[in-house]
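Fair warning: this is a prediction, and the values are worked out from it, not measured in the lab. For ligands, and for the atoms within them, numbers begin at 1 and follow the listed sequence.
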Amino acid sequence: MIFTIAIDGPAAAGKGTLAKALAQHFGFAYLDTGLLYRATARKVLDGLDPVAAAKALSPHDFTRDGLRTAKVGQGASKIAAMPKVRAALIDFQQKFARQQGGAVLDGRDIGTVICPQAEIKLFVTASDEVRAARRFAEISQKNETATLALVLEDLRQRDQRDRDRATAPMIQAQDSILLDTSDLDASQALAKAIAIVALHPGLLT
Ligand code: DC
């Protein structure tokens, strides 16, 4: 069975948590595509050329410290605006999406560019304030220093860059379902998403 669930949306909207839980529920493979850009950006911070860094990604690059920091997030957003960087990462993502057994991918362009034929497309969002509060709570647990205002500013800057770029901008696919998680906790968001996916006839083939 080939079945792709594409999950797109702005930073810290709960895409990753939802995507991972959906993949577990349906027994599908899961890919956090943001990690590809973060791992590339981390190598660029070490001094590598962005396109060369993207082409040379290896499993070790995804386990490095600091991939989730705001600095690497901003770097990822910047190199993600480069068409040649995106081109270097597209083939892997497309193969992952159409593998046998089902796949869930979360990112910015999954339903529009990576897998326009995805059986299910969700655009997951939440208000800026809710997203910033969630990210701030995550960061505080790790003892990293930040303020809510700085986290909000960081998310807004990154979203604007991701939305305004010319290549594969973050945009809701016309045939996607909008899931606003502002007033939902993780298990409520998961229940809604499961109800949407479970109705798809492709799951039975
Ligand atoms: O999902 P994330 O916050 O880890 O992603 C980090 C950055 O990578 C994000 O700001 C933009 C970029 N990205 C992208 O351009 N396309 C994707 N499919 C996933 C992430």
Would you check the N or O atoms of [X], main chain and side chain alike, for any that come under 3.5 Å of an N or O of ligand 1?
X      : value
Lys15  : no
Asp32  : no
Tyr37  : no
Gln93  : no
Arg158 : yes

Could you list the atoms of ligand 1 found under 4.0 angstrom from a heavy atom of [X]?
X      : answer
Ala76  : 6 (C), 7 (C), 8 (O)
Ala80  : 12 (C), 15 (O)
Gly107 : 17 (C), 18 (N), 19 (C)

Exercise. Where is the tightest heavy-atom contact between Met170 and Arg165, given as atom of each residue plus distance?
Worked result: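 In this case the closest contact between Met170 and Arg165 is N-NH2, 4.3 Å.
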Problem set entry | Atom CG of Asp65: over 12 foreign heavy atoms under 6.0 Å |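 No, not enclosed.
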Problem set entry | Over 12 non-hydrogen atoms of neighbours within 6.0 angstrom of CD in Gln94 |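 Yes, because the 6.0 Å sphere around CD of Gln94 holds more than 12 heavy atoms from other groups.
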[atom] - nearest protein heavy atom and its distance:
atom                    : result
atom 19 (C) of ligand 1 : Thr33 OG1, 3.4 Å
atom 11 (C) of ligand 1 : Asp162 OD2, 3.3 Å
atom 1 (O) of ligand 1  : Arg108 NH1, 2.9 Å
atom 4 (O) of ligand 1  : Arg38 NE, 2.6 Å

Using a strict cut-off of less than 4.0 Å between a Lys/Arg side-chain nitrogen and an Asp/Glu carboxylate oxygen, indicate whether [X] and [Y] qualify as a salt bridge.
X      : Y      : value
Arg135 : Asp154 : no
Asp109 : Arg86  : yes
Asp8   : Arg108 : no
Lys84  : Asp49  : no
Asp61  : Lys43  : yes

For this session: Answer with yes or no whether Arg161 contacts ligand 1, where contact means a heavy atom under 4.0 Å from a ligand atom.
Result: no
For this session: Decide yes or no on side-chain contact (heavy atoms from CB on, under 4.5 Å) for Ile7 and Val104, but give the supporting numbers first.
Result: CA-CA 7 Å; Ile7 303 188; Val104 185; 3.9 Å; yes
Exercise. Is there a side-chain contact (heavy atoms from CB on, under 4.5 Å) between Leu57 and Phe92 once you walk through the steps?
Worked result: CA-CA 11 Å; Leu57 283 179; Phe92 173 72; over 6 Å; no
Problem set entry | Location of contacts on Met82 toward ligand 1, heavy atoms closer than 4.0 Å | neither
Exercise. Taking the minimum heavy-atom distance to atom 15 (O) of ligand 1, which of Arg86, Gln74, Met170 ranks first?
Worked result: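 Minimum heavy-atom distance to atom 15 (O) of ligand 1 goes to Arg86.
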